[in-house]
Amino acid sequence: MSLLNNIATSRICNLYHLTQLHAHLIHLSLHHHNQWVALLLLHCTRLHAPPAYAASIFHAATHPYIHIFTSMLKYYSQIGAHTEVVPLYKHLQCLGIKPDIPFYPLLIKSAGKASLMFHAHVLKLGYVHDHYIRNAVIGVYAKYGPIELARKLFDEMTDRNRITADWNLMISGYWKWGNEQEASRIFHLMADSERNVITWTTMVTGYAKLRNLDSARLYFDRMPERNVISWNAMLSGYAQSGAAEEALTLFNDMIDSRNEPDETTWVAVISSCSSLGDPCLAESLIKKLYRNNVHSNHYVKTALLDMHAKCGNLEAAQSIFDQLGVHRSSITWNAMISAYARVGDLASARDLFDKMEKRDTVSWNSIIAGYAQNGESLTAIDLFKEMIRSKDSRADEVTMLSVISACGHLGALELGNWAVSILKENSINLSISGYNSMIFMYSRCGSMKDATRIFQEMATRDLVSYNTLISGYAAHGHGKESIELLSKMKKEGIKPDRITYIGVLTACSHAGLLQEGQKVFESIEVPEVDHYACMIDLLGRVGKLEEATRLIQSMPMKPHAGSYGSLLNASRIHRKVRLGELAAAKLFKLEPYNTGNYVLLSNIYALAGRWEDVDKVRKTMRKQGLKKSTGWSWVEHEGQMHKFIVGDRSHEKSDDIYKLLREIRVKMRREGYVADRSCVLRDVEEEDKEEIVGIHSEKLAICFALLVSQMGTVIRVVKNLRVCGDCHTSIKMISKLEGRKIIVRDNNRFHCFSNGLCSCKDYW
DNA sequence: TTAGGGTTAG
């Protein structure tokens, strides 16, 4: 017997010790088989031993009795192997062993959904009057539904028969099924004396899961007594809702009131640190963990990994990942993938993703978002197509958010519509941010009608919804609509932020709405430097260059590059060489490596015919080792994105494209238009040189589209950099000569060309 | 031998 006591109490802390003990017992071939089997199974449960090993111990019992089955049930229940429970019960029946009463609640609880079949069984045995058994049956119905059946059992009891656990199960059941009203009603039906700490904690958790933190806190504060689980419920509520500061404050309260934190507490605290992304805080937390000798389980380790990743310490994150070895879960993998994706190390993220054996939706979402957020929209969409093909995980709202916004970045309307159709096919419901991504996509694809429609269809809108649509209007030069939206949001009680005002002012600027813009500017409580820059842009575009200059001189903060940039651009539009030079001089000091400023200044000289100065600027650029960055253009055709860079000849239709380009030039000359030249080429005779230098990407994209699209279709082109002045002129001509409507989006606005005119005629 | 709390993607 002392040996058995030893087995029960000995500190077996890993599987190796367990197998040693097991071998030793077999060697002794004791007669107490059944007793030591039960005890070893308890250790298996504690150590999460593999099912095959636990089963081998179970089968070592020569004359199994009910206690061994109970131990095995506990093991299955711990590892969540619900499907093993029914076969185990059948095994027991085969052996003719009669279960004792404590066996049934355990059986019912560990069988998961399958336990519904035991209800009739225990009824027949007359056991349903037993507190524990009845409670277990209520628990199953509360958890797996229909909850009405749980309620029926509950209602059939008299008050005297009900134990607090029954009430608690009903409350947590209603929370589980999203019935806040009934949960709260049952809570209030209880007498104060009947409520225990679990009752109160269930209420806290229920409200916390609904993200109703105020109510959760109300119940938490009213609790007569709290244990570590109650504290954890409130802490996790804060942590999961992103209320990191509140979580950390509450944690301090917890320590002050001398409550001992456990692993779950630390997980909540660590994840709050992660969302704050503060490396100093993380460091002090690690010290605290160290001081408290915290035994870190799998959850703590994963939370720590994520915290290091979010606080920028990838080495520490990787080291935890390596330490975890075979204990890595898909969550660990996913956290590591998004850690690399977050810092833009897509190669490492992809490497991990490819090595993963069992990917889930979050794995796909992490890698797709990684590509989407690092400017690799096309790869993001390709991966999404692969995800659909692989069928190992279902796309959800988060997936679609990345995909839809990637379509927006590409300006790919066909792809965008396809993504939207997938929402319906898979009945994926969108939250506000999902709809916001659709508004973004349609805006960027030039379909303001759809963007507006989505906005109007939304039941509730947030600040981002307004800002996205306003920015869309700004890009299209819809000034009036953006002002209307500004007053609408104020009426709905949504406070505009700096982004809102940047959008509205930009819209006014693109639409030439001087007075309206001024009014908006004056209404900003504390205008920031960007708002001044927008205002300078607005004044500059409408030709009020003196006022723009005065504003830049009188603004309360130091003007930044954007402010002088606006002035430089205005000088180009209105051909003010002297002012342009002044603005450029400031800009060269503020951002000497921005090639755009040099190009703008050289364009100003070119427009004035000052070719020596053009050369001077070019020389300066060369001397500084600066090269004009390459702009590329995209055009969508049959769901495929075709990409062109300047002078591109890699496209399979290149020969046809260049042939068409020549034909258009001939036509242009015949019609008396000056054929297009690169901004700095001096005369028409040199135009052939352009082909050596390179035809601009947007012209190549347009010619490709002219070749492949039908006559009536609108050609949509996306250019990642600004459409230059000469291209602008030649696209106008192409639209007239070819009788086509062409929409070009450059990095910040839309140009709609038709019949030789551009929608933004005041712009060039 | 009743009931309550945990890590990843936007």
Side-chain angles (χ1 to χ4, degrees), chain A residues 70 74 100-106 108-109 130-139 142-143 162-173 175 195-206 208-209 223 226-237 239-240 261-271 274 296-307 309-310 320 324 328-339 341-342 349 360-370 372-373 393 396-405 430-434 436-437 464:
Chain A
T70 309
K74 279 187 196 155
D100 53 3
I101 289 187
F103 178 82
Y104 280 105
L106 204 61
I108 292 165
K109 273 188 291 179
D130 178 86
H131 278 174
Y132 294 118
I133 294 177
R134 192 191 52 212
N135 186 259
V137 175
I138 290 180
K143 197 167 173 188
R162 282 185 193 133
I163 53 172
T164 302
D166 297 320
W167 290 92
N168 291 349
L169 273 174
M170 287 314 299
I171 295 173
S172 80
W175 278 120
R195 298 179 186 137
N196 62 12
V197 62
I198 296 175
T199 323
W200 286 93
T201 307
T202 311
M203 293 305 283
V204 173
T205 313
K209 289 251 157 80
M223 288 177 83
R226 302 184 190 101
N227 59 17
V228 63
I229 296 182
S230 335
W231 284 94
N232 291 347
M234 195 62 232
L235 273 170
S236 311
Q240 283 161 19
D262 68 0
E263 284 95 338
T264 307
T265 320
W266 287 109
V267 169
V269 175
I270 295 167
S271 79
S274 320
S296 26
N297 62 15
H298 165 120
Y299 288 109
V300 176
K301 282 185 186 142
T302 309
L304 273 174
L305 184 158
D306 186 53
M307 180 186 76
K310 284 186 181 144
I320 295 177
L324 278 164
R328 286 174 205 146
S329 65
S330 65
I331 292 180
T332 335
W333 282 88
N334 295 343
M336 207 60 221
I337 291 171
S338 54
R342 201 176 294 122
D360 59 15
T361 301
V362 179
S363 326
W364 286 98
N365 290 353
S366 307
I367 194 79
I368 290 174
Q373 281 162 22
S393 342
D396 66 3
E397 191 197 350
V398 180
T399 326
M400 300 317 295
L401 220 92
S402 296
V403 173
I404 292 172
S405 98
L430 293 185
S431 64
I432 295 184
S433 32
N436 291 347
S437 75
V464 180

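Predicted model only: the values in this text are computed from it and were never measured. Sequence lines set the chain letters: A, B, ... in the order given, protein chains first and strands last, and positions in each chain run from 1.
Of the N and O atoms on the side chains of A:S433 and A:N436, not one donor lies less than 3.5 Å from an acceptor on the other residue. A donor and an acceptor atom, one from each side chain of A:N135 and A:D130, are nowhere located under 3.5 Å apart. No side-chain donor-acceptor contact under 3.5 Å links A:N334 and A:S366.
Residue contacts shown for A:D166 are absent, as no nucleic acid heavy atom lies under 4.0 Å away. Residue contacts shown for A:R226 are absent, as no nucleic acid heavy atom lies under 4.0 Å away. Contact annotation for A:L169: backbone-only contact, meaning every heavy-atom pair under 4.0 Å involves sugar-phosphate atoms and none involves a base. A:A268 comes within 4.0 angstrom of nothing in the nucleic acid, heavy atoms only. Among the atoms of the strands shown, base atoms are found under 4.0 Å from some heavy atom of A:E263. Within 4.0 Å of A:S366, counting heavy atoms only, lie sugar-phosphate atoms of the nucleic acid but no base atom. As judged by a 4.0 angstrom heavy-atom cut-off over every strand, A:K143 is placed among residues making no nucleic acid contact. Counting any heavy atom pair closer than 4.0 Å across all strands shown, A:D396 reaches a base atom.
Using a 4.0 Å cut-off between charged side-chain N and carboxylate O, A:K310 and A:D306 make a salt bridge.
Nearest heavy-atom pair across A:T199 and A:T164 is OG1-CG2, 3.9 Å.
Side-chain contact between A:T302 and A:R328 is absent, with no heavy-atom pair separated by less than 4.5 Å.
Boundaries of the chain A contact region on DNA chain B are B:dT1 to B:dG10, first to last in 5' to 3' order (nucleotide atom under 4.0 Å from a heavy atom).
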